[in-house]
Participant: 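My structure is below; once you've seen it, I'll send some questions.
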There are 2 protein chains.
Amino acid sequence: MSFPANPQITTRKQPQQARSNDLVNAILQAAIQVLQTEGAQRFTTTRVAERAGVSVGSLYQYFPNKAAILFRLQTDEWQQTSDMLSAILQNTQHQPMVRLRQMIVAFIQSECEEASMRQALDDAAPLYRDAPEVADARAQTKALYQQFMLELMPDVEAKQREIASELMMNTIKTVGKSFSDESHGAAKILAFSNAMADMLCAYVEKLNT
Amino acid sequence: MSFPANPQITTRKQPQQARSNDLVNAILQAAIQVLQTEGAQRFTTTRVAERAGVSVGSLYQYFPNKAAILFRLQTDEWQQTSDMLSAILQNTQHQPMVRLRQMIVAFIQSECEEASMRQALDDAAPLYRDAPEVADARAQTKALYQQFMLELMPDVEAKQREIASELMMNTIKTVGKSFSDESHGAAKILAFSNAMADMLCAYVEKLNT
DNA sequence: ATAGAATACGAATAATTATTCGTATTTAAA
DNA sequence: TTTAAATACGAATAATTATTCGTATTCTAT
């Protein structure tokens with residue numbers, strides 16, 4: 001294991017008045033900019049406060065520590081992605097296999113668009129990775145996938161379906177990340193997405209036989 | 001992008017006498033221990049030197065900076081993995097598909113065994129990631145895969161085969177990493193390896209049709 | 001208008017870190 | 001044995017950092 005678990009990552013005073021609400025938003029926007037322009041290594045509370053045009057002291061009134069800011073950014077991003085995936089996977093107007101393809105294309109596309117932000121957040125992950133809130137988010141995504149897999153391969157034995165679910169979820173997420181580490185043209189992105197969809201579809205068809 | 005590219009990561013004086021050779025080895029061993037027991041965040045040159053029972057000054061005579069030590073560890077690990085994969089993939093006594101399965105099982109197994117070391121090295125990756133030597137190593141692995149893919153699907157159009165090669169290589173590497181982030185029993189490891197092999201084989205068969 | 005709560009400030013603190021360099025010791029060749 | 005190169009040492013340096021806390025300002029409710 002790495003280093004002592006983080007003490008707190010969420011709690012501290014909530015903004016009540018309008019000005020403090022603005023301040024928190026300014027900090028989050030500044031945090032994104034610092035992360036993208038300076039990288040995870042140079043992401044410091046002082047720099048974020050400076051960029052936001054506020055005092056470090058003010059920052060610490062709403063975030064208990066540096067990791068909390070990063071965790072908040074990551075959480076917001078996870079929420080966006082999760083919403084997008086839900087919308088596609090639960091749209092019963094299309095056949096399951098079609099939805100799978102749509103989802104893969106949309107996910108890879110999205111990863112490529114936010115590549116620099118994502119990489120910086122990944123670099124900073126050791127700072128918040130061990131927080132229990134992270135496990136919660138993962139569990140939620142896992143549940144979403146498993147429900148969809150039930151629809152995708154209803155007749156496959158439960159045990160095998162769960163492994164397949166883990167494998168496919170893992171593949172989409174990590175291969176998408178890795179692919180987006182290098183920048184690609186739109187055509188390459190589409191070709192790669194389709195290849196991944198082909199691969200997963202071939203696997204599902206095989207399991208359904 | 002992240003932060004200024006690393007100045008040097010390899011060059012500095014080579015050990016000539018026996019004692020300096022021992023010293024370098026002691027440093028590398030100590031570096032592994034520090035990385036595993038303290039994590040990437042607490043990996044410092046002073047700690048490594050202390051653990052090795054040598055002076056920091058001595059350390060800096062053979063490594064130009066902290067990143068160089070980490071890069072050396074990563075390089076050594078890459079070399080081991082690369083040797084293992086070569087041995088399996090180039091063993092023409094087995095059919096290509098069989099070799100693919102063997103390779104996947106062996107790779108996942110190996111990733112799970114060295115999980116803590118690998119994760120710590122990944123956490124430290126931002127420190128050496130941008131070095132040109134890293135690109136060289138990646139290119140070498142890519143070539144190995146592409147040669148094998150030629151054998152695995154000789155009749156597939158070159159363009160498509162290259163994408164498939166990238167996808168499969170990426171899948172094995174990143175999904176293996178991600179899977180090994182959590183610890184699993186031997187049965188689970190085998191089941192997951194087989195699932196991955198099933199998936200990749202299904203894809204190859206589909207392409208070969 | 002005014003008191004108390006909320007908010008904002010930012011210099012100061014305490015800790016950690018990577019790396020250097022002047023000096024001492026050891027080795028190998030003459 | 002002498003000498004120069006190689007090696008080893010580790011205190012000192014210079015820089016960076018996360019976080020606090022005493023004080024000043026602004027808001028809100030009465």
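Proteins come first, then strands; the chains are lettered A, B, ... in the order of their sequence lines, and each starts at number 1.
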Participant: Which pairs would a plain distance check flag for residues 20-27 of chain A, meaning a side-chain donor or acceptor within less than 3.5 Å of a matching protein atom at least two apart in sequence or in another chain?
Facilitator:
unit_1	atom_1	unit_2	atom_2	d
A/S20	OG	A/Q16	N	3.4
A/S20	OG	A/Q17	N	3.4
A/S20	OG	A/Q17	O	2.9
A/N25	ND2	A/N21	O	3.4

Participant: Using a cut-off of strictly less than 4.0 Å, decide whether A/T45 has a side-chain nitrogen or oxygen near OP1 or OP2 of D/dA18.
Facilitator: yes

Participant: If I compare all heavy atoms of B/A164 with all of B/M153, which pair ends up nearest, and what's the gap?
Facilitator: CB-CE, 3.5 Å

Participant: OH of B/Y60 versus P of C/dT20: gap in Å, rounded?
Facilitator: 7 Å

Participant: How does protein reach along nucleotides 1-15 of chain D, written 5' to 3' as B (base within reach of a heavy atom under 4.0 Å), S (only sugar-phosphate), or - (no contact)?
Facilitator: -----BBBBB-----

Participant: Quickly work out the A/N65 CG to D/dT20 C1' distance and round it to whole Å.
Facilitator: 14 Å

Participant: Are any of B/R42's side-chain N or O atoms less than 4.0 Å away from OP1 or OP2 of C/dT17?
Facilitator: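 False: B/R42 side-chain N/O out of range (4.0 Å or more) of C/dT17 OP1/OP2.
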
Participant: Could you check how far CG of B/D22 sits from C1' of C/dT26, rounded to whole Å?
Facilitator: 14 Å

Participant: Over how many whole Å does the gap from B/Y128 atom OH to C/dA18 atom C1' extend?
Facilitator: 19 Å

Participant: Please give, in whole Å, the distance from C/dT7 P to A/R12 CZ?
Facilitator: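 Spelled out: CZ on A/R12 to P on C/dT7 is 14 Å.
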
Participant: Excluding sequence neighbours, so at least two apart, what forms side chain to side chain contact (heavy atoms under 4.5 Å, CB included) with A/S55?
Facilitator: A/S58

Participant: How long is the line joining NZ of B/K66 and C1' of D/dT16, in whole Å?
Facilitator: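 Result: 13 Å.
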
Participant: Please report the distance, rounded to the nearest Å, between CD in B/Q41 and C1' in C/dA18.
Facilitator: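 To the nearest whole Å, that distance equals 15 Å.
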
Participant: What residues, two or more places apart in sequence or in another chain, satisfy salt bridge (Lys or Arg N to Asp or Glu O under 4.0 Å) together with A/R72?
Facilitator: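 A/R72 satisfies salt bridge (Lys or Arg N to Asp or Glu O under 4.0 Å) with A/D76 only.
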
Participant: Which atom pairs, donor and acceptor, lie under 3.5 Å between side-chain atoms of residues 168-176 of chain B and protein residues at least two apart or in another chain?
Facilitator:
unit_1	atom_1	unit_2	atom_2	d
B/N170	OD1	A/S178	OG	2.6
B/T171	OG1	B/L167	O	2.7
B/T174	OG1	A/T174	OG1	2.9
B/T174	OG1	B/N170	O	2.9

Participant: Please confirm whether the ring centroid of A/H184 lies under 6.0 Å from the ring centroid of A/F192.
Facilitator: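 They do not qualify: ring centres at least 6.0 Å apart.
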
Participant: Using a 4.0 Å heavy-atom cut-off across all strands, classify A/T44 as base, sugar-phosphate, or nothing.
Facilitator: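 Contact class for A/T44: sugar-phosphate only.
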
Participant: Rounded to the nearest angstrom, tell me the gap between atom CD in B/E50 and atom P in C/dT16.
Facilitator: 13 Å

Participant: Which donor-acceptor pairs under 3.5 Å do the side chains of residues 134-147 of chain A make with protein atoms, sequence neighbours left out?
Facilitator:
unit_1	atom_1	unit_2	atom_2	d
A/T141	OG1	A/A137	O	3.3

